[in-house]
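Reading through the structure tokens given below for one structure.
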Amino acid sequence: MSLRIYSTLTQALEPFEPFVSGQVRMYTCGVTVYDLCHIGHARSALVFEVVRRYFESSGYRVTFVRNFTDVDDKIINRARQLGIPWDALAFRYIQAFRQDMAALGIGQADIEPKATDHIPEMIRLISTLLERGLAYAVDGDVYYAVRRFPEYGKLSHRSVDDLRAGARIEVDERKRDPLDFALWKASKPGEPSWDSPWGLGRPGWHIECSAMSSKYLGETFDIHAGGEDLIFPHHENEIAQSEGATGKPFARYWLHNGFVTVNGEKMAKSLGNFVTIRDALDRFSPEALKLLLLSTNYRGPLDYAESAVLEKAKALAGLQDFLRAVDRLGAGTAPRQPEGGLAPGALPEGPHPAEAAFRRAMDDDFNTARALAVLFDVVREGNRLLSEAGEAAARDPGELPALRAAAALLRRLGWVLCLDLRGGGPVVSAFATVRLQRPAAEALQELSVLVQCGASSPADRERQLTWVVQELLAHREAARRAKAWAAADAIRQALTAQGFRLEDTKTATHAVSQSTDIHRLPAIAVTLVKE
RNA sequence: GACGCCGUGGCUGAAAGGUGAAGCAGUGGGCUGCAAACCCACGGAUGCAUGUUCGAGUCAUGCCGGCGUCUCCA
């Protein structure tokens with residue numbers, strides 16, 4: 001079985017064959033930087049990041065380009081409203097985009113070109129189109145002559161006549177056809193402008209992607225991707241420009257992601273129903289949000305609701321709990337830190353049937369929903385091993401490799417899905433080593449203070465929380481040994497109220513901070529071994 | 001109007017024409033001092049109607065309902 005991709009161009013699943021053996025060259029249309037990005041942008045970025053990672057995990061060398069549109073009407077208008085230079089506005093939102101991506105754990109593209117850095121390339125391309133009779137200049141503007149490109153409409157599967165019938169475009173007398181689009185716009189006073197053979201002006205929107213994609217990926221490359229709203233006119237126009245200029249096929253596979261909706265309606269600025277990435281990450285963990293965004297096919301709509309993110313946060317906790325449980329196994333009964341946690345890939349990686357199932361799912365047009373189900377299957381099987389072997393697994397060398405292999409597999413597959421499953425390694429200590437120097441009530445007081453307002457720095461807060469939770473676990477264990485259930489339960493209730501979940505096993509007690517609400521606690525896990 | 005997408009259990013959502021995933025929620029049991037977590041078991045779904053087929057969630061036709069694009073948009 002090999003990878004098949006749905007291409008908008010053919011409206012069918014196509015076997016993927018790279019243009020150059022062993023390499024994948026992909027271009028995605030990035031954002032126009034005039035405002036903060038919302039969940040819809042996050043979905044698009046995430047989906048194509050997963051595509052990129054799947055190619056990489058399949059052994060391809062990937063060159064990934066994602067542009068910034070940093071000059072356009074919206075940027076100019078917004079900057080004017082705010083009374084700041086247009087390029088300062090663009091710079092601000094490029095930074096914001098990068099911060100958002102970093103917060104989501106989505107990598108940078110290999111190349112992130114800006115339109116304004118490629119004006120000469122665009123002018124050359126426009127000149128070529130003029131030479132080939134596909135464009136015409138009028139009063140300092142240059143338009144693409146749609147009628148001169150016979151294949152116009154092949155991506156959006158509409159004829160020029162269809163498009164004109166439904167067009168809501170205002171009539172411009174200077175255009176030969178209402179569908180003709182601007183390659184170059186004469187600039188008005190006060191607007192950003194560059195010198196060109198047609199006078200001072202600025203590029204049209206579509207030309208930048210044609211110019212930059214061919215510069216960095218060649219005239220023909222593998223994958224061109226973006227939101228489905230870009231199919232027409234943006235991507236249709238790119239094809240007209242690029243294939244018109246080169247006479248060669250442009251992108252070979254066209255991928256388009258579906259919209260994020262809210263109550264069934266498209267998330268959009270104009271509807272006012274958008275949630276910025278920042279707003280979402282202020283409330284939820286990035287992994288929970290990403291789990292939601294990957295829980296359905298990338299081409300279909302995805303409804304965003306807070307309840308849905310919370311549900312995914314719980315599902316995610318199941319994955320993390322299992323990984324933590326495996327991490328704890330090696331810690332044994334000695335009061336020591338696990339040595340460096342588990343580095344993905346550092347463990348023996350025998351063939352695992354789940355990996356094959358994962359690849360079958362991803363080979364089917366990047367079916368992340370099915371791929372995620374494979375992860376949960378691995379966890380259930382692993383938990384079964386854990387519970388059947390019970391605590392004995394900690395000492396039974398026979399079970400450890402299988403469990404560690406499962407954990408390593410989960411982390412590796414999680415990486416492909418852009419899910420960070422590393423988690424915080426558990427802090428393990430032994431009951432005998434924790435000295436109870438103050439009453440439980442004082443420790444509880446400190447816990448409450450730490451949870452509410454925190455310490456001088458996040459690192460301090462985490463360290464102090466770990467310390468006090470450990471102390472409280474020891475107090476509770478002492479009470480349990482005395483069968484003072486009320487005292488033990490009071491400590492558990494207090495910890496629960498502060499956001500920790502307690503789990504008793506035969507040999508240890510674990511306290512894990514619950515991360516469904518992000519405001520909250522650092523992700524910590526403390527284990528007290530009874531001995 | 002043109003082009004396209006979607007209707008699967010309580011909710012979210014998978015499914016090579018061949019026993020209808022997975023997650024969340026629910027019920028019962030195991031484990032536990034009691035919990036929690038986990039495991040086991042259980043319950044329940046293909047919008048409607050025809051048709052093709054040995055066999056249809058899947059293919060065809062029609063209908064009903066929802067959505068998108070054709071204008072800047074991920």
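Note on naming: letters A, B, ... go to the chains in the order of the sequence lines (proteins, then strands), and numbering restarts at 1 for each one. Bear in mind the structure is a predicted one, so any value in this text is a computation, not a measurement.
Using a 4.0 Å cut-off between charged side-chain N and carboxylate O, Asp321(A) and Arg380(A) make no salt bridge. In summary, Glu191(A) and Lys185(A) do not engage in a salt bridge, as defined by a charged side-chain N under 4.0 Å from a carboxylate O.
By the stacking rule of 5.5 Å between ring centres and under 30° between planes, Phe259(A) does not stack on the base of A74(B).
Atom OH in Tyr298(A) sits roughly 13 Å away from atom P in C6(B) (whole-Å rounding). Here the P atom of nucleotide G68(B) and the CD atom of Gln11(A) are 20 Å apart, to the nearest Å. Atom-to-atom, CD of Glu503(A) to P of C38(B) comes out at 8 Å; the value is rounded to the nearest Å. Look at CG on Asp364(A): it is 7 Å from P on A15(B), rounded to the nearest Å. Rounded to whole angstrom, the span from the CD1 atom of Ile231(A) across to the P atom of A74(B) amounts to 14 Å. When rounded to the nearest whole Å, the span between CG of Leu316(A) and C1' of A37(B) equals 16 Å. With rounding to whole Å, Leu319(A) atom CG is found 10 Å from G23(B) atom C1'. The nearest whole Å value for the distance from the CG atom in Leu310(A) to the P atom in C11(B) is 19 Å.
Judged by distance alone with a 3.5 Å cut-off, a donor-acceptor contact links the side chain of Arg492(A) to the base of C34(B). For Asp162(A) and G1(B), a side-chain-to-base donor-acceptor distance below 3.5 Å is absent, hydrogens and geometry of angles not being considered.
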Trace of the side chain to side chain contact (heavy atoms under 4.5 Å, CB included) decision for Val262(A) with Ile39(A): CA-CA 10 Å; Val262(A) 176; Ile39(A) 307 290; over 6 Å; no
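His234(A) comes within 4.0 angstrom of nothing in the nucleic acid, heavy atoms only. Heavy atoms of Arg78(A) sit nowhere under 4.0 angstrom from any nucleic acid atom.
Proximity of residues 95-110 of chain A to RNA chain B (heavy atom under 4.0 angstrom from any strand atom) is not detected for any residue.
Taking the P atoms as reference points, A60(B) lies 15 Å from A16(B), given to the whole Å. The separation of U46(B) from G10(B), taken at their P atoms, amounts to 9 Å, rounded to a whole angstrom. Taking atom C1' in both C24(B) and G18(B), the straight-line distance is 30 Å, to the nearest Å. When the P atom is used for both G47(B) and C11(B), the distance is 13 Å, rounded to whole Å.
Minimum interatomic distance between Met212(A) and Pro113(A) (heavy atoms only, all atoms of both residues): SD-CB, 3.5 Å.
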Polar atom pairs between nucleotides 25-32 of chain B and protein, under 3.5 Å, N or O only, would you list them?
residue, atom, partner, partner atom, Å
U32(B), OP1, Lys506(A), NZ, 3.2

Symbol by symbol from the 5' end, with Watson-Crick or G-U pairs under 3.5 Å, [ ] crossing and | another strand, RNA chain B is (((((((..(((.....[...))).(((((.......)))))....(((((..]....))))))))))))....
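Considering Gln108(A), Glu112(A), Glu49(A) as possible partners of Arg66(A), the one that fulfils the side chain to side chain donor-acceptor pair (under 3.5 Å) test is Glu112(A).
Mapping Asp377(A) and Ala486(A) onto RNA chain B by nearest heavy atom places Asp377(A) closer to the 5' end of the strand. Sequence order on RNA chain B of the closest nucleotides to Thr296(A) and Val31(A) puts Thr296(A) first from the 5' end.
Closest to the side chain of Glu228(A), from the set A22(B), C24(B), G68(B), is G68(B).
A donor-acceptor distance shorter than 3.5 angstrom exists from the side chain of Ser513(A) to the backbone of Ile524(A), with no hydrogens or angles considered.
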